[in-house]
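Below is one structure, written out as structure tokens; the observations come after it.
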Amino acid sequence: MKRKDLISQIKRKKSFLCIGLDTDINKIPKFLLDLEDPIFEFNKKIIDATNSYCVAYKPNIAFYESEGLNGWKALEKTIKYINSNFPEIFTIADAKRGDIGNTSSMYAKAYFDTLNFDSITINPYMGKDSVEPFLDYKNKHTILLALTSNLGAFDFQTKNVDKTSHQFYYEVIKTSTNWKNSSQLMYVVGATKASYLREIRNIIPNNFLLIPGIGAQGGDLKDVCKNGMNNDVGLLVNSSRSIIFASTDSDFDLISAKKAQEIQSQMENILSSRGLV
């Protein structure tokens with residue numbers, strides 16, 4: 001997907017909501033377990049109910065890998081369903097891959113060619129030769145882990161680098177701007193780290209940021225937008241559990257849609273107040 005198409009969808013839907021399809025088979029409504037592919041059937045219901053309120057879906061690959069072959073089949077069916085029925089939706093493989101060049105090339109082929117995702121999350125710890133194979137793909141996007149929402153982020157990501165006043169996450173972002181096709185990079189910044197967004201925007205004013213951590217993890221949408229939004233909006237704010245597991249009743253999809261609409265409404269108000277829609 002081209003960047004301009006993502007921006008156009010954001011403005012048309014008045015939303016920059018990404019819904020995480022972290023489909024834990026132990027949490028989905030029990031009546032779905034009698035179906036041949038309960039994971040896909042759950043995802044399909046959620047997608048059908050919420051697609052008008054969001055601009056992106058983000059399957060977390062771990063929840064599919066954990067179910068073996070059946071999980072991979074459910075993932076494949078899910079991404080095909082989105083691409084076939086809602087091609088305007090931006091898709092994110094939340095896989096957090098990252099390895100030496102030839103291995104990264106195979107990961108890129110798997111997610112960009114075989115599964116046809118628009119983007120993938122990447123751990124940049126091994127440096128540019130582990131990331132650039134993903135950046136070879138035109139109109140595909142590579143989302144680097146920069147400053148994550150978990151408590152353990154403080155173990156390494158915010159430590160000062162020797163002989164500089166910069167923290168490690170800062171150096172990761174700054175260095176990556178010099179990599180080949182860096183305009184195709186996006187970055188993960190946790191909503192619980194909203195106070196860092198102003199400094200991050202000084203380094204990468206134009207790149208999109210994927211922001212997990214609102215909802216169940218306690219991040220604040222207004223703080224994220226105040227510090228991280230740019231003239232193209234530049235944000236994909238993710239919510240997973242608070243939407244997809246809002247109910248286990250027979251109308252779970254309608255309850256999820258209501259939760260998604262509530263967030264979309266907040267986003268519309270923010271966009272309107274900034275003159276972006």
Side-chain angles (χ1 to χ4, degrees), residues 1 5-60 63-64 74-75 77-94 117-119 191 210-222 224-225 233 235-273 276-277:
M1 179 181 290
D5 294 328
L6 175 57
I7 295 170
S8 175
Q9 184 192 183
I10 289 170
K11 294 186 175 181
R12 184 173 68 256
K13 291 184 175 178
K14 300 179 176 61
S15 172
F16 44 98
L17 174 62
C18 171
I19 296 179
L21 297 175
D22 301 359
T23 308
D24 185 343
I25 199 168
N26 297 307
K27 294 182 179 180
I28 67 176
K30 299 300 183 186
F31 69 88
L32 292 175
L33 299 179
D34 295 330
L35 301 177
E36 180 180 355
D37 191 341
I39 293 175
F40 171 68
E41 294 298 336
F42 175 83
N43 287 350
K44 182 176 180 295
K45 286 278 193 180
I46 293 291
I47 293 163
D48 286 344
T50 63
N51 68 84
S52 60
Y53 306 118
C54 70
V55 298
Y57 288 111
K58 182 177 70 66
N60 186 315
F63 291 95
Y64 302 86
L75 177 65
K77 289 164 69 174
T78 297
I79 188 65
K80 283 184 176 180
Y81 186 77
I82 296 170
N83 288 338
S84 297
N85 294 279
F86 309 102
E88 77 282 2
I89 295 279
F90 187 74
T91 56
I92 303 168
D94 191 3
F117 275 92
D118 292 310
S119 64
L210 173 62
I211 311 285
I214 69 164
Q217 295 185 55
D220 185 82
L221 179 62
K222 289 183 179 179
V224 166
C225 294
V233 182
L235 300 174
L236 294 173
V237 173
N238 182 77
S239 183
S240 301
R241 286 170 287 171
S242 61
I243 292 177
I244 67 173
F245 298 134
S247 172
T248 57
D249 294 333
S250 59
D251 63 345
F252 72 93
D253 53 333
L254 301 181
I255 304 301
S256 293
K258 183 179 179 181
K259 293 292 184 181
Q261 186 179 26
E262 288 172 359
I263 298 174
Q264 181 274 327
S265 181
Q266 295 174 44
M267 291 178 170
E268 181 175 355
N269 290 336
I270 292 170
L271 292 172
S272 297
S273 70
L276 293 173
V277 293

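Along the sequence shown, residues carry numbers from 1. Excluded from the calculations below are hydrogen atoms, water molecules and symmetry mates; all remaining heavy atoms, backbone and side chain alike, are included.
- For Phe245 against Thr23, the heavy-atom pair with the smallest separation is CZ-CA, 4.3 Å.
- In this structure, the side chains of Ile89 and Gln9 come closer than 4.5 Å at one or more pairs of heavy atoms.
- Distance alone, capped at 3.5 Å, places no donor-acceptor pair between the Gln264 side chain and the Cys54 backbone.
- The only option from Ile28, Ile244, Thr78 that meets the side chain to side chain contact (heavy atoms under 4.5 Å, CB included) definition with Asn43 turns out to be Thr78.
- The closest side-chain heavy-atom distance from Tyr64 to Leu21 is below 4.5 Å.
- Formation of a donor-acceptor pair under 3.5 Å by the Asp249 side chain with backbone atoms of Asp251 is not found in this model.
- Using a cut-off of 4.0 Å between Lys/Arg side-chain N and Asp/Glu carboxylate O, Lys13 and Glu88 are scored as salt-bridged.
- Side chain of Ser272 to main chain of Asn269: no donor-acceptor pair is present (N/O by atom type, distance under 3.5 Å, no hydrogens or angles).
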* Check against side chain to side chain contact (heavy atoms under 4.5 Å, CB included), Asn51 and Tyr57 -> CA-CA 9 Å; Asn51 68 84; Tyr57 288 111; 3.6 Å; yes
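- Two residues are said to be in side-chain contact when any heavy atoms from C-beta on lie closer than 4.5 Å; Ile25 and Ile39 meet this criterion.
- The shortest heavy-atom contact between Ile255 and Ala246 is CG2-CB, 3.8 Å.
- Atom NZ of Lys258 and atom OG of Ser247 lie 11.0 Å apart (nearest 0.5 Å).
- The minimum heavy-atom distance between Pro87 and Asn85, with the atom names listed, is CD-C, 3.5 Å.
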* Hey, mind stepping through Phe16 and Ile211 against side chain to side chain contact (heavy atoms under 4.5 Å, CB included) and telling me if it holds? -> CA-CA 10 Å; Phe16 44 98; Ile211 311 285; over 6 Å; no
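- A distance-only check finds no donor-acceptor pair linking the side chain of Asp48 to the backbone of Lys45 [under 3.5 Å].
- Side-chain contact between Cys18 and Ile92 is present, with heavy atoms from C-beta onward closer than 4.5 Å.
- Summarising the geometry, atom CD belonging to Glu262 is positioned 9.5 Å from atom CD1 belonging to Ile243; distances are rounded to the nearest 0.5 Å.
- Considering CD1 of Ile10 and CG of Asp5, their distance stands at 11.0 Å, rounded to 0.5 Å.
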* Lys27 and Thr248: CA distance, side-chain angles, deciding distance, side chain to side chain contact (heavy atoms under 4.5 Å, CB included) verdict -> CA-CA 8 Å; Lys27 294 182 179 180; Thr248 57; over 6 Å; no
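- Of all heavy-atom pairs between Lys259 and Ser242, the closest is CG-O, 3.8 Å.
- Across every non-hydrogen atom of Ser15 and Val55, the tightest pair is O-CG1, 3.3 Å.
- Not a single donor-acceptor pair under 3.5 Å links the side chain of Asp94 to the backbone N or O of Lys58.
- Summarising the geometry, atom OG belonging to Ser240 is positioned 9.0 Å from atom CD1 belonging to Ile19; distances are rounded to the nearest 0.5 Å.
- Summarising the geometry of Pro29 relative to Phe252, their closest heavy-atom pair is CG-CD2, 3.5 Å, with the distance given to 0.1 Å.
- Around the NZ atom of Lys77, the shell of radius 6.0 Å holds more than 12 heavy atoms that belong to other residues, nucleotides or ligands.
- A donor-acceptor contact shorter than 3.5 Å is absent between the side chain of Thr91 and the backbone of Ala56.
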* Going through the distances and angles, do Phe117 and Ile79 end up as a side chain to side chain contact (heavy atoms under 4.5 Å, CB included)? -> CA-CA 7 Å; Phe117 275 92; Ile79 188 65; 3.7 Å; yes
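- Separation of atoms CD (Glu41) and CZ (Phe31) is listed at 10.0 Å; rounding is to 0.5 Å.
- Here NZ of Lys222 is found 7.5 Å from CD of Gln266. Values are rounded to the nearest 0.5 Å.
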